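Contents: one structure, followed by commentary.
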2 protein chains.
Amino acid sequence: MNKKNELSMVEETPVEGDTETRRSADSSERAYNTIRKLLVEFKLKPEERINEVHLAKTLGVSRTPIREALNRLASEGFVSLTPNRGFFVRSLSTEGLIDLYELRSIIECAAFRLLCERAEDDQIDRLRAYWSSIVDGYREQPADMILAEDEGFHLMIAELSGNPELVNQLAAINARIRFIRRIQIEHRTHDMSQVDAHSAIVAAAIRRDSEGGVELLRQHIELTVSATQQALKDALLRVYSPGEPNERRHRRRAS
Amino acid sequence: MNKKNELSMVEETPVEGDTETRRSADSSERAYNTIRKLLVEFKLKPEERINEVHLAKTLGVSRTPIREALNRLASEGFVSLTPNRGFFVRSLSTEGLIDLYELRSIIECAAFRLLCERAEDDQIDRLRAYWSSIVDGYREQPADMILAEDEGFHLMIAELSGNPELVNQLAAINARIRFIRRIQIEHRTHDMSQVDAHSAIVAAAIRRDSEGGVELLRQHIELTVSATQQALKDALLRVYSPGEPNERRHRRRAS
DNA sequence: CGTCAAGAAAGTGTCGACACTATTGCGTTC
DNA sequence: GAACGCAATAGTGTCGACACTTTCTTGACG
């Protein structure tokens, strides 16, 4: 069997240098983070069946924490579970992504409205301060940094809505679209417009211009979507790169 | 042997009558459903620590499926996980509930707008047909039935938005507030208004009156919230009722 | 009497093993 | 040589066991 697979490039050290049977801190949590990263980076490919034993060996743990992680990832929509057949990587169509962005837009716009209604002045000022603290040199950051700061900005809006459920939802959505956002950011197609948009949104928040801010947000996100669609095509192309056979597709008997 | 504690009133038969070592169909799934029901019905009380071994014995399975179920329930917000200390039943404050309803309102209103924009005429007609098929005798149904039909109605709106993510979100939210909705429905405080509201919403959908329908929905849900707050108080009262001793859960040998 | 420490008990986190199910591969039949 | 079993293989679902951590108990000390 070939398959000294491409997964081994994971930076997680399989086993710590400790001869005794000392268990590592929290296998389940580490497994969760690692697998999620694999999914996010397309190391595990859409539609692919996930082999638990294989993964367990790669991460140097037993199947138990792997399964716990996969269960969590399943309820978060990263993978799906078919009884007696195992976990499969969620398929990622363009549609699916658009749906997610639409959901994100809904959540964020609603959050902004609530922010305008409810947030204290000093909270809004914290938003302003946060953004102005990172706006300088925003473009020059590495992609991961930009991504984190952008997510932070939008999450802060959700927080200022005063509804923690909105924060949770947005965080979950972010996690699911992060991989493609990173790709998109690396393209750097519309950097400045993003910076401007954030500033404009802050301004709208300060004057508590609910409808104006919502419109800005909507456009901001919509702009991202169209840029993202192109990025997605590139990504998919890269994933299913012609070099790889990648064809042991699972067919259950077609009736 | 069996301690016959209060959990055993769960209808789940611990072990199937099969002499051979045949495993039951899907322990994990059954555990998930059972535990969720326990949570929904306050058999497991807010803030309470969940004892895995105990639960495992009660359901007649090992801890593995229990833990898988709990992990799922954790990502769905039913329970929380503290490392090395285990799972705890999510505390349920009135605020938390209001936040959830607010989220629900956001999702549903957005779904209705999308429905007005995108749904085909025959889809909307299916909504109308579904509602008119159950509107007769709606009041006379048992609470569980009403609940299911009401959820079905609202889910259908989400489906007609064309965005499956909205359906997922709404379904998840429904699961989390179901327990209190049932209690509220048993109170039967505003039956007719609910029936009327649904009919009015259908009418708005038919004439694709986006804003009108949204307003109806918002009011409909808001009405539910206020009715629910009272129901919640009753429920909490019942849970922590002084009448029931109910305190030998994990009180091992009182000295 | 309160408080603190050490030991006991209870409980979680992970493991390796094994039963059961799905899939693959091979030989047989038409 | 395609379709159909049927055995071999691979992989998931669940279990009981045990190491490690937290919580409770007990008893010495102030």
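This is a predicted model, so every value here is computed, not measured.
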Tell me whether the side-chain N/O atoms of T64(A) come closer than 4.0 Å to OP1 or OP2 in dC15(C). no

Proximity to the side chain of E52(B) - top-ranked nucleotide from dC15(C), dG13(C), dG11(D): dG13(C)

Is it true that E165(B) and R176(A) have a side-chain N and a carboxylate O under 4.0 angstrom from each other? yes

Side-chain N or O of N84(B) versus OP1/OP2 of dT12(C): is the shortest distance under 4.0 Å? no

Between the side chain of N71(B) and the main-chain N/O of R67(B), is any donor-acceptor distance below 3.5 Å? yes

For the pair made of CZ in R67(B) and C1' in dC15(C), what is the distance, rounded to whole Å? 13 Å

Which part of the nucleic acid does L70(B) contact within heavy-atom distance under 4.0 Å: base, sugar-phosphate only, or nothing? nothing

Sub-3.5 Å donor-acceptor pair from the side chain of E41(A) to the main-chain atoms of L38(A), do we have one? no

Atom-to-atom span, CG of N71(B) to C1' of dT14(D) - whole angstrom: 15 Å

In whole angstrom, give the distance that lies between atom CZ of F88(B) and atom P of dT12(C). 9 Å

Mark yes or no for whether T228(B), through its side chain, and T224(B), through its backbone, hold a donor-acceptor pair below 3.5 Å. yes

Rounded to whole Å, please give me the gap between CG in L59(A) and C1' in dT14(C). 14 Å

Salt-bridge present (E47(A), R90(A); N to O < 4.0 Å): no

N/O (side chain, S27(B)) to phosphate O (OP1/OP2, dT14(D)) under 4.0 Å: yes

In whole angstrom, give the distance that lies between atom CG of L81(A) and atom P of dT12(D). 10 Å

Between dT12(C), dC15(C), dT14(C), which nucleotide gets closest to the side-chain atoms of S28(A)? dT14(C)

Rounded to the Å, how far apart are Y32(B) OH and dT14(D) P? 16 Å

Quick one: does R63(B) reach the base of dG13(C) with a side-chain donor-acceptor pair under 3.5 Å? yes

Find the distance R49(A):CZ to dT12(D):C1' and express it as a whole number of Å. 8 Å

Residue whose closest nucleotide on DNA chain C lies nearer the 5' end, E68(A) versus P83(A): E68(A)

Atom CG of D26(A) and atom P of dC20(D): how far apart are they, to the nearest Å? 15 Å

Out of dT12(C), dG11(D), dT14(D), which nucleotide sits closest to the side chain of V53(A)? dG11(D)

Sugar-phosphate only, base, or nothing, as touched by I66(A) at under 4.0 Å among non-hydrogen atoms: nothing

